[in-house]
K.L.:
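Sharing a structure below in C-alpha cells format, with a few things to ask.
Every value quoted in this text rests on a predicted model; they were computed, and no experiment measured them. Chain naming here is simple, since letters A, B, ... match the order of the sequence lines and numbering starts at 1 in each.
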2 protein chains.
Amino acid sequence: MQVERKHRMTRQRQVILEELRRVKTHPTADELYFIVRQKLPRISLATVYRNLDLLYQEGKILKLPAVDGVMRFDGTVTPHYHIRCTKCGRVSDVMLDVDLNLERKVARRTGYHVTGYVLEFEGVCPDCAPRTEH
Amino acid sequence: MQVERKHRMTRQRQVILEELRRVKTHPTADELYFIVRQKLPRISLATVYRNLDLLYQEGKILKLPAVDGVMRFDGTVTPHYHIRCTKCGRVSDVMLDVDLNLERKVARRTGYHVTGYVLEFEGVCPDCAPRTEH
DNA sequence: TATTGTCCGAAAACTATTATCAGTATTAGT
DNA sequence: ACTAATACTGATAATAGTTTTCGGACAATA
Ligand SMILES: [Zn+2]
Ligand SMILES: [Zn+2]
Ligand SMILES: [Zn+2]
Ligand SMILES: [Zn+2]
C-alpha cells in the first residue's frame with residue numbers, strides 16, 4: 001500500500017519547473033536559483049533544492065549524475081544522453097539512440113540484478129576547442 | 001626526455017597503494033583511511049586524500065566518477081567497467097570487454113571533440129536482492 | 001473563511017574534499 | 001655518514017554543495 005502524498009502547486013514549484021523546462025543548459029541548483037530569482041526575488045536556495053528533489057521523485061525532471069561533484073538538472077525527460085565539456089563544464093544533449101543491450105551479459109558476469117546504466121560522454125565543446133590556425 | 005621525478009616513496013604512500021591494491025571493494029577515501037590506520041594508526045585523512053590524488057596523477061590507481069557524489073578509488077588499472085548496487089552502494093568489477101565505438105557518432109551529432117565516456121552499470125547486488133521464498 | 005498540514009525563507013548543520021602551516025623525514029650530494 | 005634542500009606529514013581550518021531545522025505562511029478542501 002503506497003502512502004498518498006499531497007503535493008501542492010505552489011508558485012515556487014511552478015516557476016522552478018517552467019524555467020528548468022525552458023532552458024537547455026542542464027543547470028546546477030545554484031544556477032537555476034539565479035534564473036528563478038528573476039521572477040521570484042525572495043525565493044530561497046533551499047526551496048530550489050527541495051523542489052528539484054520533489055519534481056525528480058515525481059518523474060517530472062531528471063537528475064544528472066554528479067560526475068564532477070556537482071548535481072545538474074534536466075527538464076527534458078524523454079530518453080537522451082549527455083556530453084560534458086571537460087574545459088567549461090557545459091552539458092549538451094546527445095540525441096542519439098544508444099542501445100547497449102548488455103544488461104543480460106553484465107548480469108551473468110556479476111550476479112547483480114541489472115536495472116540500468118549511467119552513460120555520459122566527455123569531450124571539448126566547440127567554444128572551448130582551440131581555434132585552427134591558417 | 002623524461003620529466004624529473006620528485007616524488008618520494010613514503011611509508012604512508014606505500015601502505016595506501018598496497019592496501020588499495022589488496023582490497024577489491026573500490027573504497028572511498030574515508031573507508032581506505034580506516035583500513036590504512038590498522039597499519040599506520042597515526043596517519044591523517046588529508047594524507048590519504050593527498051596520496052590518492054598523487055597516485056592517480058601518476059596513473060597508478062583509478063578514480064571512479066562520483067556518480068552518487070562520493071569519490072571511490074580502484075587499485076586495478078587494467079581497463080574494466082563497474083556496477084554499483086543501488087541499495088548498499090557497493091561497487092563491483094565487470095570484467096567485460098565493451099568497445100562501444102560510439103565516440104565518432106556522438107562527435108558528429110554534437111560538434112564536440114569527444115575524448116571518452118563514463119559508463120557504469122546499476123543494479124541490485126546478490127546480498128541486497130530479496131530472498132526467493134519457497 | 002476556517003481548518004489542515006504542506007510548504008516557505010532564513011539559518012544552521014552536515015558531508016566530502018581541499019588548503020594552510022609548522023615541523024618531519026626522504027632523497028641527493030658531498 | 002653528514003648535510004642541505006624540500007617534498008611530505010598531521011592537525012586543523014576552510015570551502016563548497018547540499019540537507020535539515022523551525023516558526024510562520026499559504027494552498028487545498030469543504
Ligand atoms: Zn566548453
Ligand atoms: Zn538533457
Ligand atoms: Zn547491495
Ligand atoms: Zn574496478
K.L.:
When the distance from CD of A:Gln14 to C1' of D:dA28 is rounded to whole Å, what number comes out?
P.N.:
15 Å
K.L.:
Between C1' on D:dA16 and CD on A:Glu31, what's the gap in Å once rounded to a whole number?
P.N.:
14 Å
K.L.:
Judged by each residue's nearest nucleotide on DNA chain C, which is more toward the 5′ side, B:Arg11 or A:Thr10?
P.N.:
A:Thr10
K.L.:
If the cut-off is 4.0 Å, is B:Arg13 near the phosphate of D:dC8, judged by side-chain N/O to OP1 or OP2?
P.N.:
yes
K.L.:
Which atoms form the tightest heavy-atom contact between A:Arg84 and B:Tyr112, and what is the distance?
P.N.:
C-CE2, 4.1 Å
K.L.:
If the cut-off is 4.0 Å, is B:Gln12 near the phosphate of D:dG10, judged by side-chain N/O to OP1 or OP2?
P.N.:
yes
K.L.:
Measuring from the side chain of A:Lys6 (C-beta onward, heavy atoms only), which nucleotide among C:dT6, C:dT27, C:dA19 has the closest atom?
P.N.:
C:dT6
K.L.:
Could you measure the distance from the CZ atom of B:Arg8 to the CD atom of B:Gln14? Nearest 0.5 Å is fine.
P.N.:
15.5 Å
K.L.:
B:Ile43 has an atom CD1; how far is it from atom C1' of D:dT12, in whole Å?
P.N.:
16 Å
K.L.:
Rounded to the nearest Å, what distance is computed from the CG atom of residue A:Leu64 to the C1' atom of nucleotide D:dG17?
P.N.:
16 Å
K.L.:
Expressed in angstrom and rounded to an integer, what is the separation of B:Asp53 atom CG from C:dT18 atom P?
P.N.:
7 Å
K.L.:
Does B:Lys63 have more than 12 heavy atoms from other residues, nucleotides or ligands lying within 6.0 Å of its NZ?
P.N.:
yes
K.L.:
Mind calculating the distance between CG (A:Leu32) and P (D:dT18) to the nearest angstrom?
P.N.:
12 Å
K.L.:
D:dA27 P sits how many Å from A:Leu54 CG, rounded?
P.N.:
16 Å
K.L.:
With a 3.5 Å distance limit and no angle check, can you tell me whether B:Ser44 reaches the backbone of B:Ala46 through a side-chain donor-acceptor pair?
P.N.:
yes
K.L.:
Are A:Lys87 and A:Asp127 within salt-bridge range, i.e. N to O under 4.0 Å?
P.N.:
no
K.L.:
Let's see if you can work this out: which of C:dT18, D:dT18, D:dC8 has an atom nearest to the side-chain heavy atoms of B:Tyr49?
P.N.:
C:dT18
K.L.:
Could you tell me whether B:Asn51 contacts a base, only the sugar-phosphate backbone, or nothing, with contacts defined as non-hydrogen atoms closer than 4.0 Å?
P.N.:
sugar-phosphate
K.L.:
Between B:Arg50 and B:Arg8, which residue's closest nucleotide on DNA chain C lies nearer the 5′ terminus?
P.N.:
B:Arg50
K.L.:
From the options C:dT17, D:dG10, C:dA10, select the nucleotide whose nearest atom is closest to the side chain of B:Ser44.
P.N.:
D:dG10
K.L.:
Report the distance from atom CG of B:Leu45 to atom P of D:dC8, rounded to the nearest whole Å.
P.N.:
18 Å
